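Chain letters run A, B, ... following the sequence lines, proteins first, then strands; residues in each count from 1. Predicted, not measured: the structure shown is a model, and the values here were computed from it.
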Amino acid sequence: MPPVKRNNIPLIFLFGPTGVGKTALLDSLFSEGFSVINADSKQIYRHLDIGSAKPEPELVARIPHYLVDILDPWEDFSVGQFVHRADEAVEDILSQGRIPVISGGTAFYFKHFLYGLPESPKSSPEVRFFVQREVETHGQEWAYRRLEEVDPLSAAKIHRNDTYRLTRALEVWEATGRPLSSYRVPSVPREGLKPLIIGLTRDKEELAERIELRVELMVEQGLMEEIDSLLAMKATPEWPGMQGIGYQEYFTLKREGQWSLDAFKALIVKNSIKYAKRQMTFFRSIEGVTWMNPEETESIQALVDDYLS
RNA sequence: GGGGAGGUUCCCGAGCGGCCAAAGGGGGCAGACUGUAAAUCUGUUGGUUAUUCCUUCGAAGGUUCGAAUCCUUCUCUCCCCA
């Protein structure tokens, strides 16, 4: 039985932009009686340890972690799989009498875990590939006009330049014969789900400094060696795992002939800061978040205690 | 000392008499987000009493109905010859 059926399951969400200090907080506040479910779309991959800022093995050994290292970096993953697996993890954790903490930076995962998945079907790789080729051969304009015909509602919501969403909408149409917009999308949290949602935030400048330091540290810890070993596995920029910040920059700079370690670090910092901003934008749209600075451990502790009592 | 190129809005960079508050890119800010989401995409970015007026294209002066665009002098930067 998925936890959806149960009422008022204790569940803590811990979200924050990259570099805000989630892992440190886990260590200090959730080491006793809690288990962590990773909600970070890159930390699910094996071999992406340093670049994805995965928690130290030592921490993982002390606090049980779910959904870390479950796939190889060339394998596809999706929100759907996340929600299903996270539901299972929640069950498992509760059955052990522990409290689940969903922690990570992928707001999209949080959102759909909280509200439940849309009714639209999961992606079909074959159909997607077919549609991608159609869009390539006939062009973006053609694709958009086609969507306007088969699914005007989606067309109105999707910008004509948004290849990604355009492709998905056409994919759903091709695969099911139904417009994407005909599938219901949940707008309220799932039944019985009343999590404590802690949003971690920090001053912009401070966050940027932390990101710079962290990138420096990643390189010291062997980010280049990690990339080398991925390349030895024949990693390409198309691998889902390689689209993470800290990896994509390697391919970008090599492709542009602009490679240097300094340029690499600078680009990672820049992309991380921009990503942090997008994360905040997304997360601000989720209701019921209690925003805290990770330094305020006592207040957060009090918040958690109060929620669990 | 001589010759050449150039100084444009936060940055890079286009514009080279009116259609220029000034293309494009970057960055900033704001936003979207229906199974790839560390992805993908959008808006905005001199001030304002806001379909108007003001300030802005190194500085000062000039030509012109009108200048970032033409002329003069000054100033700074880069390159070449000494």
| said: Is there a side-chain contact between N161(A) and the phosphate of U40(B), meaning an N or O under 4.0 Å from OP1 or OP2? | reply: no
| query | Within 45° of the ring axis of Y66(A) and under 6.0 Å from its six-membered ring centre, is that where the NZ or CZ of R85(A) lies? | reply | no
| message | Of the listed nucleotides (A37(B), C41(B), G35(B)), which one gets closest to any side-chain atom of S123(A)? | response | G35(B)
| message | Can you tell me the base-pairing partner of G24(B)? Count Watson-Crick or G-U wobble geometry only, both distances below 3.5 Å, and say none if there is no partner. | response | C12(B)
| field | Complementary nucleotide of U64(B), counting Watson-Crick and G-U pairs under 3.5 Å | value | none
Donor-acceptor contacts under 3.5 Å from residues 299-306 of chain A side chains, at least two apart:
none

| task | Could you measure between the two C1' atoms, the one in C65(B) and the one in U72(B), and give it in whole Å? | result | 22 Å
| said: Closer than 4.0 angstrom, basic N to acidic O: yes or no for E58(A) and R62(A)? | reply: yes
| query | Does E226(A) have any side chain to side chain contact (heavy atoms under 4.5 Å, CB included) partners at least two apart in sequence or in another chain, and if so, which? | reply | D49(A), I50(A), L223(A), L230(A), Y247(A)
Polar atoms only, N or O, under 3.5 Å: list the protein pairs with nucleotides 43-45 of chain B and their distances.
none

| G35(B) and G46(B), which share atom name C1', separated by this distance in whole Å | 45 Å
| remark: Paired to G17(B) by Watson-Crick or G-U wobble criteria (both distances under 3.5 Å) is none
| query | Just checking D40(A): base, sugar-phosphate only, or nothing, at a heavy-atom cut-off of under 4.0 Å? | reply | base
| note | Q258(A) CD to G26(B) P, in whole Å, measures 15 Å
| remark: Of all heavy-atom pairs linking V79(A) and F108(A), the shortest is CG2-CE2, 3.1 Å
| message | One thing to verify: whether E148(A) and R160(A) come together as a salt bridge, which I'm taking to mean a side-chain N less than 4.0 angstrom from a carboxylate O. | response | no
| For G6(B), what is the paired nucleotide under Watson-Crick or G-U wobble rules, both distances under 3.5 Å? | C76(B)
| query | What is the base-pairing partner of A32(B), counting Watson-Crick and G-U wobble geometry with both distances under 3.5 Å? | reply | U40(B)
| With a 4.0 Å cut-off on heavy atoms, is T18(A) in touch with a base, just the backbone sugar-phosphate, or nothing at all? | nothing
| Is R46(A) paired with D69(A) through a side-chain N to carboxylate O contact shorter than 4.0 Å? | no
| request: Would you state whether a donor and an acceptor, one from the side chain of Y164(A) and one from the base of A37(B), lie under 3.5 Å apart? | output: yes
| message | For the residue pair T18(A) / Q279(A), report whether a side-chain donor-acceptor contact shorter than 3.5 Å exists. | response | no
| Separation between the C1' atoms of A21(B) and U48(B), rounded to whole Å | 13 Å
| request: Kindly write out the residues that satisfy side chain to side chain contact (heavy atoms under 4.5 Å, CB included) with E225(A), not counting sequence neighbours, or none if the list is empty. | output: none
| remark: So the ring-ring contact (aromatic ring centres under 6.0 Å, His included) pairs with at least one residue in residues 216-244 of chain A (sequence neighbours excluded) are W74(A)-W239(A)
For residues 283-294 of chain A, please give each side-chain donor-acceptor pair under 3.5 Å, one per line with the distance, not counting sequence neighbours.
unit_1  : atom_1 : unit_2  : atom_2 : d
S285(A) : OG     : F282(A) : O      : 2.6
N293(A) : OD1    : E295(A) : N      : 2.8

| task | Kindly state which residues belonging to residues 231-257 of chain A come within less than 4.0 angstrom of RNA chain B, counting heavy atoms of the residue only, listed by number. | result | Q243(A), G244(A), I245(A), Q248(A)
| task | Please state how far atom CZ in F82(A) lies from atom P in A39(B), giving the value in whole angstrom units. | result | 18 Å
| query | What string of B, S and - do you get for nucleotides 28-34 of chain B 5' to 3' if you count protein non-hydrogen atoms under 4.0 Å? | reply | -SSBBBB
| request: Can you tell me, in whole Å, how much space there is between the C1' of A22(B) and that of A14(B)? | output: 10 Å
| Which ones in residues 133-140 of chain A lie close to RNA chain B, meaning a heavy atom under 4.0 Å from one of its atoms? | none
| query | When you compare G24(B) with C33(B), how far apart are their C1' atoms, in angstrom units rounded to a whole number? | reply | 28 Å
Mind listing the side-chain donor-acceptor pairs of residues 256-263 of chain A below 3.5 Å, one per line with the distance, residues two or more places apart or on another chain?
unit_1  : atom_1 : unit_2  : atom_2 : d
S260(A) : OG     : A263(A) : N      : 3.0

| said: Is it true that E171(A) and S124(A) share a donor-acceptor pair across their side chains at a distance under 3.5 Å? | reply: no
| field | Between C41(B) (C1') and Y275(A) (OH): distance, integer Å | value | 16 Å
| field | Inter-nucleotide C1' distance (G13(B), G17(B)), Å rounded | value | 22 Å
Tell me which donor-acceptor pairs under 3.5 Å the side chains of residues 97-104 of chain A have, and how far apart each pair is, sequence neighbours excluded?
unit_1 : atom_1 : unit_2 : atom_2 : d
R98(A) : NE     : S35(A) : OG     : 2.9
R98(A) : NH2    : F34(A) : O      : 2.8

| task | Measure the distance from OH on Y45(A) to C1' on A37(B) and round it to the nearest whole Å. | result | 11 Å
| field | Residues clustered with F130(A), ILVMFWY side-chain links under 4.5 angstrom | value | V127(A), V131(A), V135(A), Y144(A), L147(A), V150(A), I158(A), L166(A), L170(A), W173(A)
| field | Gap between atoms CD and C1', on Q132(A) and U40(B) respectively (whole Å) | value | 13 Å
| message | Taking G18(B) as the reference, what is the distance to C70(B) when you measure between their P atoms (whole Å, please)? | response | 11 Å
